[in-house]
*Asks:* 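One structure is given below, represented as structure tokens, and several questions about it will come after.
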Number of protein chains: 4
Amino acid sequence: MERDIKDNFSVREKIYRAAVELFARKGYSGTTIRNIVQKAEVTQPMVYYYYGNKEQLFTSCIKELYNQLTTVYQKIDPELPFDILLKKMLISGKEKFADFPEGLFLMARFAYSPDEFPRMIDIIHVFSTPLDLLISAIQKAKNKGEIVDYVSPQLFSFALFGTLGFLATVHFMKDRFEIFKSMDIDVSIDEIVKLFAYGVLKK
Amino acid sequence: MERDIKDNFSVREKIYRAAVELFARKGYSGTTIRNIVQKAEVTQPMVYYYYGNKEQLFTSCIKELYNQLTTVYQKIDPELPFDILLKKMLISGKEKFADFPEGLFLMARFAYSPDEFPRMIDIIHVFSTPLDLLISAIQKAKNKGEIVDYVSPQLFSFALFGTLGFLATVHFMKDRFEIFKSMDIDVSIDEIVKLFAYGVLKK
Amino acid sequence: MERDIKDNFSVREKIYRAAVELFARKGYSGTTIRNIVQKAEVTQPMVYYYYGNKEQLFTSCIKELYNQLTTVYQKIDPELPFDILLKKMLISGKEKFADFPEGLFLMARFAYSPDEFPRMIDIIHVFSTPLDLLISAIQKAKNKGEIVDYVSPQLFSFALFGTLGFLATVHFMKDRFEIFKSMDIDVSIDEIVKLFAYGVLKK
Amino acid sequence: MERDIKDNFSVREKIYRAAVELFARKGYSGTTIRNIVQKAEVTQPMVYYYYGNKEQLFTSCIKELYNQLTTVYQKIDPELPFDILLKKMLISGKEKFADFPEGLFLMARFAYSPDEFPRMIDIIHVFSTPLDLLISAIQKAKNKGEIVDYVSPQLFSFALFGTLGFLATVHFMKDRFEIFKSMDIDVSIDEIVKLFAYGVLKK
DNA sequence: AATGAATGAGATTTCATTCAT
DNA sequence: GATGAATGAAATCTCATTCAT
């Protein structure tokens, strides 16, 4: 007798995963509790039992995801050569969310939607921790003389996060939108590192 | 006798501007017709009179904005040296929307929200024209031997768009979220060009 | 062609009358918006269109009723002999609400349900104005030496209001509860005046 | 080691006391099972274990309270002089509920809320027993020629009950509503007796 | 006797939209 | 062009109640 893989998850986990996926796709307002419970195959009051209300469900998802990302980044040795460090960050982030890429997509989307969630201001700080980790790694590389000083660590990290967020989104859209079909995200980590580390103009 | 600047706009324009601003901030689902008419200081049926319904209002906004961007990009000579070309694109885009930055923010947001708008598939193509212009410019530079070949034009343009979108978002959030206060978007066009054209690692 | 008397009322009035009647019978929490719109024969959103929400509908009803009562009481000359004054108050209150006795019942009920309505504290003051009018009338009679001084104006007015409230309630319950069937409220105003003015003990 | 006084009550008693207090304040519909179990510090199913359902819990409370009142009244000798009898009733009722005044408040409230409880008709009779005791005492006094005959026993008892109910309510509201702060219910039993026995007009 | 988890039904409220004028 | 009034459908959330243990 075949069983759905979902049967392995508790009610709480089912809600979490359905919520992350839907929030990532449709946004906070575009996702209804009914959407979530239908996808999760649970009853409506269970959402309120476990998460209180829609807002708290959303913040729980966001906090959980960003904490996971922060944990992964913190495991990387900040003294590594810069291009190695960069590559490690990309790879470890990718691996961590390999079995649940919706998490990455939601994080990306969250960063681009300043007022979609009514209480954004209460949770925006979770977003700054991984960003700060990257910024201080770049500052360190600058101090060690590894990288040029005409680019600020802040701009660099914003550019990297923007790029990754957009790539995640493109990947997410790939299946359904013809124009993104040709993009292959799987081989591009090396490309990203090269782009950001070495630039594109021939000297 | 002083008059509000809004008095110079027609009802149709008032609705358009209010809609763009709100869609940019709150997203499609997070914006209600009532929000729009309150901000625009018009009555509800006017939206339906001029735009048909909410979906058509949204697509009108998106199409208008992307067409403006495309027009601007098409005016740039694609034979220019790559770093000059890059800088021109950034500057002309910025200037075009200088008096209505919400337009930029909405375009950025739109690109990151694959399923927020129920008929995304009907309008996604407007998004690809400016992207294609950039991709073909890069390809041209590659063909001319200006830039290295280890970076694909596609990745490069995705990275650039992702970066710009994120910067626009950060700018948008700046006033309200402490963590973005220190970022100064006005001086960064040169930095962006340098980052993408020359890379960061010292050779 | 027969028409329901309700057809003469506007939507707003229909809602008001249905709400007063139901709040009087079932209380604030026991009355649902659906109950109200069914009785009023209007659609649900009309309640929100005209009154904002359930709480505001309730406070609107209460304020309207108590203001009517206050207006009636203010028309009575406070210099009248006390038993005449008393009788006038009872009669004018009764007449004012003759065609809409539910209003009286709701006022009575409201006075006995300190926390039934979540924002009681915001509207309790409407209740004190007619009470104060009575208290000061009694004080005046006391000053003029018309009435004994072993009863405080406050207790007297509380007793009178309690009595009237209970009589209104009994009247309200009469039709449905056997035990109140024999009570005839119509002949009792004189009795009430006598009871309060002359007491019951033979001297 | 200090312990909360509540620890002395059984689960059943905890539920009863919490229920009476909440029903008195918020009414039947305004009180939720969750309110009750939170105040009682027990779990939800316990309510159903001990009382069956919310309706039965309510009727249990009402019956218990009115039976206590009836028992108290039955102990008073109906042959006493009327003003003595009256005073005895007031004092003994007050003493009986001295340590649990919420019981008095609930009885008062119950009498003013004809349809708040859906099965009022099933329990309204408990209310008539103490009322009947008073009515027949008055009738007896009338027969003995103690009191005037221009006031019916029924009106008299309604007035007394209305007065007492209102005073109980005022007392209940005292702490929270400024307008009742000055009322002192503790010294007023004598006043009540005088008011009802002797009236207020000087002869 | 007691509990954490679960549920169907229904509560309040808001939505996009339309009608009559 | 423009509006106040109105609506069906669906949103979030809470309710009394029960199940499995």
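Chain A is the first sequence line, chain B the second, and so forth, proteins listed ahead of strands; every chain is numbered from 1. Keep in mind that this is a model prediction, so the values were computed, not measured. Excluded from the calculations below are hydrogen atoms, water molecules and symmetry mates; all remaining heavy atoms, backbone and side chain alike, are included.
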*Asks:* Kindly compute the distance separating OG1 (T32(D)) from NZ (K54(D)), expressed to the nearest 0.5 Å.
*Replies:*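 Going from the OG1 atom of T32(D) to the NZ atom of K54(D) covers 7.0 Å.
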*Asks:* Can you identify which nucleotide, out of dA2(E), dG1(F), dT17(E), has its nearest atom closest to the Y49(B) side chain?
*Replies:*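 From the listed options, dG1(F) comes nearest.
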*Asks:* Within this structure, what is the CG-to-P distance between L57(C) and dT13(E), rounded to whole angstrom?
*Replies:*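 Atom CG in L57(C) sits about 10 Å away from atom P in dT13(E).
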*Asks:* What does V47(D) touch in the nucleic acid at a heavy-atom separation under 4.0 angstrom: a base, only the sugar-phosphate, or nothing?
*Replies:*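 The residue V47(D) makes no contact with any strand.
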*Asks:* Under 4.0 angstrom, heavy atoms only, what part of the nucleic acid is S29(D) near: base, sugar-phosphate, or nothing?
*Replies:*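 The answer is nothing, as S29(D) stays clear of every strand by at least 4.0 Å.
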*Asks:* Do any N or O atoms from the side chain of Y28(C) and from the backbone of K26(D) form a donor-acceptor pair under 3.5 angstrom?
*Replies:*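 Not at all, since once roles are kept as given, no pair shorter than 3.5 Å links the two residues.
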*Asks:* Counting distance only, does the side-chain N/O of S10(C) pair as donor-acceptor with the main-chain N or O of E13(C) below 3.5 Å?
*Replies:*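 At least one qualifying donor-acceptor pair exists.
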*Asks:* Begin from the C-alpha positions of R25(C) and E102(C) and carry the test salt bridge (charged side-chain N to carboxylate O under 4.0 Å, His left out) through to its verdict.
*Replies:* CA-CA 8 Å; R25(C) 282 191 186 273; E102(C) 289 81 1; over 6 Å; no
*Asks:* On DNA chain F, compare the nucleotides closest to Q44(B) and Q44(C); which residue's is nearer the 5' end?
*Replies:*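 Residue closer to the 5' terminus by nearest nucleotide: Q44(B).
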*Asks:* For F105(A) and V20(A), what are the C-alpha separation, side-chain angles and deciding distance, and is it a side chain to side chain contact (heavy atoms under 4.5 Å, CB included)?
*Replies:* CA-CA 9 Å; F105(A) 308 147; V20(A) 168; over 6 Å; no
*Asks:* Once the angle between the rings of Y66(A) and F127(A) is folded into 0 to 90°, is it parallel (under 30°), tilted (30 to 60°) or perpendicular (over 60°)?
*Replies:*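 The rings of Y66(A) and F127(A) stand perpendicular, inter-plane angle above 60°.
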*Asks:* What stem regions, each of at least 3 consecutive Watson-Crick or G-U pairs below 3.5 Å, can be found for DNA chain F?
*Replies:*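 DNA chain F stems, ordered by first number: E:2-21 with F:2-21.
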*Asks:* How many Å lie between NZ on K54(D) and P on dT18(F), as a whole number?
*Replies:*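 About 14 Å, once rounded to whole Å.
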*Asks:* Base, sugar-phosphate or nothing for Y50(D)? Non-hydrogen atoms, less than 4.0 Å.
*Replies:*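 It contacts sugar-phosphate atoms only.
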*Asks:* Which is more 5' along DNA chain F, the nucleotide nearest Y48(A) or the one nearest V11(C)? Just name the residue.
*Replies:*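 In this pair, the answer is V11(C).
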*Asks:* Once you apply a heavy-atom cut-off of 4.0 Å, does V42(C) come out as touching a base, just sugar-phosphate, or nothing?
*Replies:*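 Since no nucleic acid heavy atom lies under 4.0 Å of V42(C), the category is nothing.
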*Asks:* Which nucleotide in the list dT14(F), dT12(E), dT17(E) gets nearest to the side chain of P45(A)?
*Replies:*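 When the side chain of P45(A) is considered, dT14(F) is the closest of dT14(F), dT12(E), dT17(E).
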*Asks:* What's the closest nucleotide to the N53(D) side chain, out of dT17(F), dA2(F), dT13(E)?
*Replies:*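 Shortest atom-to-atom distance from the side chain points to dT17(F).
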